[in-house]
**Student:** 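So that we are looking at the same thing, I have put the structure below in structure tokens.
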Amino acid sequence: MTTLSLSEQETIRRNSLNRLRELGYDPYPAAEYPVNALAAAIKAGYSDELKNFGDVCLAGRMMNQRIMGKASFAELQDSSGRIQLYVNRDELCPGEDKTLYNEVFKKLLDIGDIIGVKGYVFITQMGEISVHVKELTLLNKSLRPLPVVKEKDGVTYDAFTVVEQRYRMRYVDLIVNPQIRDVFVKRALIINTMREIFNENGYLEVETPILQPIPGGAAARPFITHHNALDIPLYLRIANELYLKKLIVGGFDGVYEFGKDFRNEGMDRTHNPEFTVLEIYVAYKDYLWMMKFTEQLLERVALALHGTTRVTLGDHIIDFKAPYPRVTMYEAIKNHTGYDIAGKNEEELRRICDTLNIAITPEMGKGKLIDQIFGEKCEPHFIQPTFIIDYPVEMSPLTKKHRSNPNLTERFELMVFGKELANAYSELNDPLDQRERFEEQLRLSEKGDQEAMYIDHDFLRALEHGMPPTSGMGIGIDRLTMFMTNNLSIQDVLFFPQMKPETRKQEIAFHPEEFSSLGIPGEWIDVLKKLGYTSAAKLREVDKYTRLHQEICGYNKKNKLGLPNPSPEEVKSWLSGQG
RNA sequence: GACUCAGUAGCUCAGCAGGUAGAGCACAUCCCUUUUAAGGAUGGGGUCCUGGGUUCGAAUCCCAGCUGGGUCACCA
């Protein structure tokens, strides 16, 4: 195996690995390691009077090493945080053989190695709670150097910051940037809190298909795949809605699902092709009930995370304290544009859009036009949680018509920080009305709207069996996590955001014997390799031997190799293979 | 998709009227023998993103591409 493609530090670590094996230390031991303490618990609970933690065993990654002769300090980082280790040569190695300290600990261990230690807790002269190490075990040798991030008095030095690297190598990001871990701990807490509330109410957590023959429940462009055995196209779901409503038809009073949806659309700082959504459907409720439920849900999530309903987000403080103001869509548009769009037809709406300088396209129907006005002129204004209610029927093909106005639907979206956070309605359960709405979608599709919904005949059949009056609601979990953790980019709340595939430089096989058989001396083979002549075939592509001669002599000089230069004739003979 | 900024050592970055690639940390060797981001000394380490072009000479200037960030557009 050639190690030429490795960096110096990687080579050194591999050499250390081999040396450890020679000395009889298994760099990758199989046995369980009996951890009985965490760094954070020790730091929080140690008392110098009690001398507790007298026999601890902990494991983690060594993040720093300060060797001072026969006594050294190191930092151990486990899942809870960091703690200092004190390692003394004669205590680690009570007998004559000091190899474990002198060679293994001081030389063969590196930053990033995973070790286990046993010992007792004490406080150093500098006043730092530390573990006095009596036993040290290597649990995993790390072969790549870790970015070394240092921190003092809240100032971070040499941070690992390159965003691309952080997303592509999230494992490294998590090791060296501990605050990143918090975001994901909070993300889990958000989901757990919501689940707790749903379960308290007796709603059932369910799972519905991700692979769907018809991608329904939303207006979006799907990913398409193919099932070989059935020989049919299948779509990755864009929403859970229709399947969950079929379960309400089936007799459940409340069902919810945390699931991934997939949309084949643009990617930016607020959109990832796959994202997590919570959808919940509750029978015998309406959208008014759902508004109350939603505001209580969010209030409780904020309290669980922050102990307060007030959450910092960018330059704002968002207060999730219920209740939230309710503004109808028409009011919102009237307030922010001056136009009352109630009762306006498509042509009139187009003129309003033109006046307001809103970009529109011919295939946009009435619903899309109104959505466009709202999105452009109103949405950004709703920073504090606000329910926008009563959407035009054209925008909401799965929503029940408003009880007091047939042109509107019983729908709300919750706006926070100028963005949609939740979307809910009194679900349409009139199967004949639903059929007409689907047919209207079909007309939009024929007009060129690529996001118009497909007709789902099984869903219609289910509705024909009868669905109780139901309210449903969806929340984007990624977006909620962004809002609750003060991150403005979705990539910061996903462990592995979608990225373009990394192009790997391919490792080139190198066969020195190809060159020696041409009569090329060993010292020049290395030079040729460095210059990019990685095979005899590449060497044959050289048209002028004089050029190659100059190249290798130049390399010799530049790198001060001190080799006696070959004559041009010798180089010529290499190329002709006559050497 | 458009515009814009960036890509140099393991990490963070400097270098750019075109003239031998630099610093700090990390790494190695030695000294020190209880340190607090950093004890001291010495040293090794680079396809300056890739490919073309201009030039005697390109990390630097020009063109194209790749990757990423930002803004905008598109998008429940």
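Order of the sequence lines sets the chain letters (A, B, ...), proteins ahead of strands, with each chain counted from 1.
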**Student:** Taking atom types as modelled and ignoring hydrogens, do the side chains of A:Tyr120 and A:His132 form a donor-acceptor contact shorter than 3.5 angstrom?
**Tutor:** yes

**Student:** Kindly determine whether A:Arg170 and A:Asp173 satisfy salt bridge (charged side-chain N to carboxylate O under 4.0 Å, His left out), including the steps that lead there.
**Tutor:** CA-CA 5 Å; A:Arg170 186 65 94 178; A:Asp173 193 29; 2.8 Å; yes

**Student:** Does anything in residues 165-172 of chain A reach RNA chain B, meaning a heavy atom under 4.0 Å, and if so which residues?
**Tutor:**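 Output list: A:Gln165, A:Arg168.
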
**Student:** Kindly indicate whether the side chain of A:Ser72 and the base of B:U33 share any N or O donor-acceptor pair separated by less than 3.5 Å?
**Tutor:** no

**Student:** Can you tell me how far C1' in B:A9 sits from the matching atom in B:G22, rounded to whole Å?
**Tutor:**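 The same atom, C1', in both gives a distance of 10 Å.
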
**Student:** Assuming nearest nucleotide by heavy-atom distance, tell me which of A:Ala71 and A:Pro145 is located more 5' along RNA chain B.
**Tutor:**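 Comparing both residues, the 5'-ward one is A:Pro145.
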
**Student:** Any strand counts, and the cut-off is 3.5 Å on both contacts for Watson-Crick or G-U wobble. Which nucleotide pairs with B:C3?
**Tutor:**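 Result: B:G70.
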
**Student:** What distance, rounded to whole Å, do you find between the two C1' atoms, one in B:U20 and one in B:G57?
**Tutor:** 12 Å

**Student:** With distance as the sole criterion, is a donor-acceptor pair present between the side chains of A:Asp390 and A:Tyr287 under 3.5 Å?
**Tutor:**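 Yes, side-chain donor-acceptor contact under 3.5 Å.
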
**Student:** Looking only at the side chains, is there a donor atom on one of A:Glu279 and A:Tyr281 sitting less than 3.5 Å from an acceptor on the other?
**Tutor:**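 Yes, A:Tyr281 and A:Glu279 have a side-chain donor paired with an acceptor closer than 3.5 Å.
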
**Student:** Of the nucleotides B:C11, B:U35, B:C27, which has the atom closest to the A:Ile111 side chain?
**Tutor:**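 Selected nucleotide: B:C27.
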
**Student:** Between A:Arg411 and A:Lys106, which residue's closest nucleotide on RNA chain B lies nearer the 5′ terminus?
**Tutor:** A:Lys106

**Student:** Expressed in whole Å, how much space separates the P atoms belonging to B:G39 and B:A26?
**Tutor:** 8 Å

**Student:** Quote, to the nearest angstrom, the P distance that separates B:U54 from B:U60.
**Tutor:** 15 Å

**Student:** A:Met68 CE to B:U33 C1': how many Å, rounded?
**Tutor:**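 So the CE-C1' distance, A:Met68 to B:U33, works out to 6 Å.
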
**Student:** Would you say B:U29 has OP1 or OP2 under 4.0 Å from some side-chain N or O of A:Lys107?
**Tutor:**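 For B:U29, neither OP1 nor OP2 has a side-chain N or O of A:Lys107 closer than 4.0 Å.
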
**Student:** Just checking A:Ala220: base, sugar-phosphate only, or nothing, at a heavy-atom cut-off of under 4.0 Å?
**Tutor:**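 The residue A:Ala220 makes no contact with any strand.
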
**Student:** Can you tell me the Watson-Crick or wobble partner of B:A21, both distances under 3.5 angstrom?
**Tutor:**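 Answer to the pairing question: none, since B:A21 forms no Watson-Crick or G-U pair.
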
**Student:** For B:A38 and B:C27, measure between their C1' atoms and round to the nearest Å.
**Tutor:**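 Straight-line distance between the two C1' atoms is 16 Å.
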
**Student:** Got a list of side-chain donor-acceptor pairs under 3.5 Å for residues 68-76 of chain A, not counting sequence neighbours?
**Tutor:**
{"unit_1": "A:Ser72", "atom_1": "OG", "unit_2": "A:Tyr101", "atom_2": "OH", "d": "2.6"}

**Student:** Could you please name the option among B:C25, B:G45, B:U34 that lies closest to any side-chain atom of A:Gln125?
**Tutor:** B:U34

**Student:** If the P atom of B:A41 is compared with that of B:C56, how far apart are they to the nearest Å?
**Tutor:**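 Taking atom P in both B:A41 and B:C56, they lie 46 Å apart.
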
**Student:** For B:A59, give the paired nucleotide (Watson-Crick: N1-N3 plus N6-O4 or O6-N4; G-U: N1-O2 and O6-N3; both under 3.5 Å), or none.
**Tutor:**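 Answer to the pairing question: none, since B:A59 forms no Watson-Crick or G-U pair.
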
**Student:** Taking only N and O in the side chain of A:Lys500, is any of them less than 4.0 Å away from OP1 or OP2 of B:U67?
**Tutor:**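 Result: yes.
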
**Student:** Using Watson-Crick or G-U wobble geometry with both distances under 3.5 Å, which nucleotide pairs with B:G39?
**Tutor:** B:C31

**Student:** Among the candidates B:A28, B:C75, B:U34, find the nucleotide nearest to the side-chain atoms of A:Thr124.
**Tutor:** B:U34

**Student:** Could you work out the separation of B:G46 and B:U55 based on their P atoms and round it to a whole Å?
**Tutor:** 32 Å

**Student:** Just call it for A:Val176: base, sugar-phosphate, or nothing, with non-hydrogen atoms closer than 4.0 Å on any strand.
**Tutor:**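 Counting heavy atoms under 4.0 Å across all strands, no contact is made by A:Val176.
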
**Student:** B:G69 base to A:Glu164 side chain: any donor-acceptor pair below 3.5 Å?
**Tutor:**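 Answer is no: no donor-acceptor pair is held.
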
**Student:** Give a yes or no on whether a salt bridge exists between A:Glu103 and A:Lys98, defined as a side-chain N under 4.0 angstrom from a carboxylate O.
**Tutor:** no

**Student:** Between the base of B:C27 and the side chain of A:Asp110, is there any donor-acceptor pair under 3.5 Å?
**Tutor:**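 Counting by modelled atom types and ignoring angles, no donor-acceptor contact under 3.5 Å is found here.
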
**Student:** Would you say the rings of A:Phe382 and A:His336 are close, in the sense that their centroids are separated by under 6.0 Å?
**Tutor:** yes

**Student:** Just how far, in rounded Å, is P of B:A26 from CE of A:Met63?
**Tutor:** 13 Å

**Student:** Students often get this wrong, so: under 4.0 angstrom with heavy atoms, is A:Glu241 touching a base, only sugar-phosphate, or nothing?
**Tutor:** nothing

**Student:** Any luck finding a side-chain donor-acceptor pair between A:Asn240 and A:Glu257 under 3.5 Å?
**Tutor:** yes

**Student:** Measure from CG on A:Leu85 to P on B:U34 and round the result to the nearest Å.
**Tutor:**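 Going from CG in A:Leu85 over to P in B:U34 covers 17 Å.
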
**Student:** Determine the interatomic distance between C1' on B:U12 and the same-named atom on B:C30; round to the nearest Å.
**Tutor:** 28 Å

**Student:** Sequence neighbours left out, what pairs pass salt bridge (charged side-chain N to carboxylate O under 4.0 Å, His left out) with at least one residue falling in residues 408-419 of chain A?
**Tutor:**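 Sorted pair list: A:Arg403-A:Glu410, A:Arg411-A:Glu413.
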
